[in-house]
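Below is one structure, written out as structure tokens, with a few remarks after it.
When a residue number appears, it is its place in the shown sequence, counting from 1. Just the heavy atoms: all of them, side chains too, but no hydrogens, waters or symmetry mates, feed the values below.
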Amino acid sequence: MVAAIRAILPEEAGLLPPIERDAAERFREVGLNTIADGEPSSEPFILSVIRKGVALGAVEVDHGLVGFALAGELDGALHLYELSVRTAFNGQGLGSALLMGIETAAAASALGAVTLSTFADVPFNAPFYARRGFVPVEIEDWGPALHLLNGAERAAGLPLDRRVFMRKELQP
């Protein structure tokens, strides 16, 4: 399989929610059915990220768009809102390639770090990011945007005791 990482086009915004739904099915394996049953990112949100943030897609030669990463600037870092890969393409390095693309975009925008929010105890969440150099961010180090995101996660009913913000400092 050969995949390319490239910018997502506005006309592709409608292709992302089905990928996100497919990827979310993995959460059933770890008892997070509410995540699997949740609503994917809205098309207006996706379009706003395409216009004002970073929206990257993993495109496989025979299957088209099979994964994506969405990010935007928060608290002086590039914050990864979503990274999803179709389950049929797991384990092939696409998530890592998308993450490297996000890191490259952060560096190109003179942002010194990438941040994200994820599940601490889910093998394909925090441990995945930790293997790629991300470390937990202690609450006293959160910026205002991370506090707002934590409030949004609380309002959405996410189990906050299982959530963690993570950060990776980028080389200058």
Are the side chains of [X] and [Y] in touch, meaning some heavy atoms are under 4.5 Å apart?
| X | Y | value |
| --- | --- | --- |
| Arg26 | Asn90 | yes |
| Glu153 | Ser117 | yes |
| Leu99 | Leu80 | yes |
| Thr118 | Phe165 | no |
| Val66 | Val59 | no |
| Arg163 | Leu158 | yes |

Please tabulate, for side-chain N and O atoms in residues 82-89, each donor-acceptor pair with protein atoms closer than 3.5 Å (sequence neighbours left out).
from  : atom 1 : to    : atom 2 : distance (Å)
Glu82 : OE2    : Ser84 : OG     : 2.5
Thr87 : OG1    : Asp22 : OD2    : 3.2

Output a table of donor-acceptor pairs, distance under 3.5 Å, between side-chain atoms of residues 104-115 and any protein atom two or more places apart or on a different chain; print 'none' if there are none.
from   : atom 1 : to     : atom 2 : distance (Å)
Thr104 : OG1    : Met100 : O      : 3.0
Ser109 : OG     : Ala105 : O      : 3.2
Thr115 : OG1    : His79  : ND1    : 2.7

Grouping I, L, V, M, F, W and Y whenever their side-chain heavy atoms are under 4.5 Å apart, do [X] and [Y] come out in a common cluster?
| X | Y | answer |
| --- | --- | --- |
| Leu74 | Trp142 | yes |
| Leu116 | Leu170 | yes |
| Val30 | Phe128 | no |

Between [X] and [Y], what is the shortest heavy-atom contact and its length?
| X | Y | value |
| --- | --- | --- |
| Ser41 | Ile46 | O-CD1, 3.8 Å |
| Ala71 | Tyr81 | C-CE1, 3.5 Å |
| Gly101 | Leu56 | C-CD1, 3.4 Å |
| Leu70 | Ala55 | CD2-CB, 3.7 Å |
| Ala24 | Ala36 | O-CB, 3.4 Å |
| Ile19 | Leu65 | CD1-O, 3.5 Å |

| Is the side chain of Asp75 donor-acceptor paired with the backbone N or O of Ala145 at a distance under 3.5 Å, no angle test? |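 Judged by distance alone, yes, a pair lies under 3.5 Å.
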| message | Using only atom types and a distance under 3.5 Å, with no angle test, would you say the side chain of Glu60 pairs donor to acceptor with the backbone of His63? | response |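 Confirmed, Glu60 side chain pairs with His63 backbone.
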| task | Please name all residues satisfying side chain to side chain donor-acceptor pair (under 3.5 Å) with Glu25, sequence neighbours left out, ordered by chain then number. | result |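 For Glu25 the side chain to side chain donor-acceptor pair (under 3.5 Å) partners, ignoring immediate neighbours, are Arg28.
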| message | Side-chain heavy atoms under 4.5 Å apart, restricted to Ile/Leu/Val/Met/Phe/Trp/Tyr: what other residues fall into the cluster of Leu148, or is it alone? | response |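 Traced through the cluster, Leu148 reaches no other member.
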| message | Using the side-chain contact (heavy atoms from CB on, under 4.5 Å) criterion, which residues pair with Ala130? Sequence neighbours excluded. | response |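 By the side-chain contact (heavy atoms from CB on, under 4.5 Å) rule, Ala130 matches Met166.
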| request: For Pro127, enumerate each residue passing the side-chain contact (heavy atoms from CB on, under 4.5 Å) test, keeping only those at least two apart in sequence or located in another chain. | output: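 Applying side-chain contact (heavy atoms from CB on, under 4.5 Å) to Pro127 gives Arg131.
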Which pairs of donor and acceptor atoms, one on a side chain in residues 47-54, lie under 3.5 Å apart (sequence neighbours left out)?
from  : atom 1 : to    : atom 2 : distance (Å)
Ser48 : OG     : Phe45 : O      : 2.7

| message | Please determine whether the number of non-hydrogen atoms from other residues, nucleotides or ligands lying under 6.0 Å from atom CD of Glu140 exceeds 12. | response |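 Check passes, neighbour count above 12.
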| said: Does anything in residues 95-117 form a ring pair (Phe, Tyr, Trp, His ring centres under 6.0 Å)? List the pairs, not counting sequence neighbours. | reply: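 For residues 95-117, and leaving out neighbouring residues, there are no ring pair (Phe, Tyr, Trp, His ring centres under 6.0 Å) pairs at all.
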| said: Applying ring-ring contact (aromatic ring centres under 6.0 Å, His included), can you list everything that pairs with Phe68, at least two apart in sequence or on another chain? | reply: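 Here no residue qualifies.
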| For Phe27, which residues count as a ring-ring contact (aromatic ring centres under 6.0 Å, His included) partner, sequence neighbours excluded? |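 If we apply the ring-ring contact (aromatic ring centres under 6.0 Å, His included) test to Phe27, skipping adjacent residues, the hits are Phe119, Phe124.
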| request: Could you list all the salt bridge (Lys or Arg N to Asp or Glu O under 4.0 Å) pairs where at least one residue sits in residues 111-125, not counting sequence neighbours? | output: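 Pairs touching residues 111-125 that pass the test: Asp121-Arg162.
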| Which value, rounded to the nearest 0.5 Å, describes the distance between Ile139 atom CD1 and His147 atom NE2? |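 NE2 of His147 is found 5.5 Å from CD1 of Ile139.
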| message | Going by the rule salt bridge (Lys or Arg N to Asp or Glu O under 4.0 Å), which residues pair with Glu103 if we only count those two or more places apart in sequence or in a different chain? | response |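 Only Lys168 meet the salt bridge (Lys or Arg N to Asp or Glu O under 4.0 Å) criterion with Glu103.
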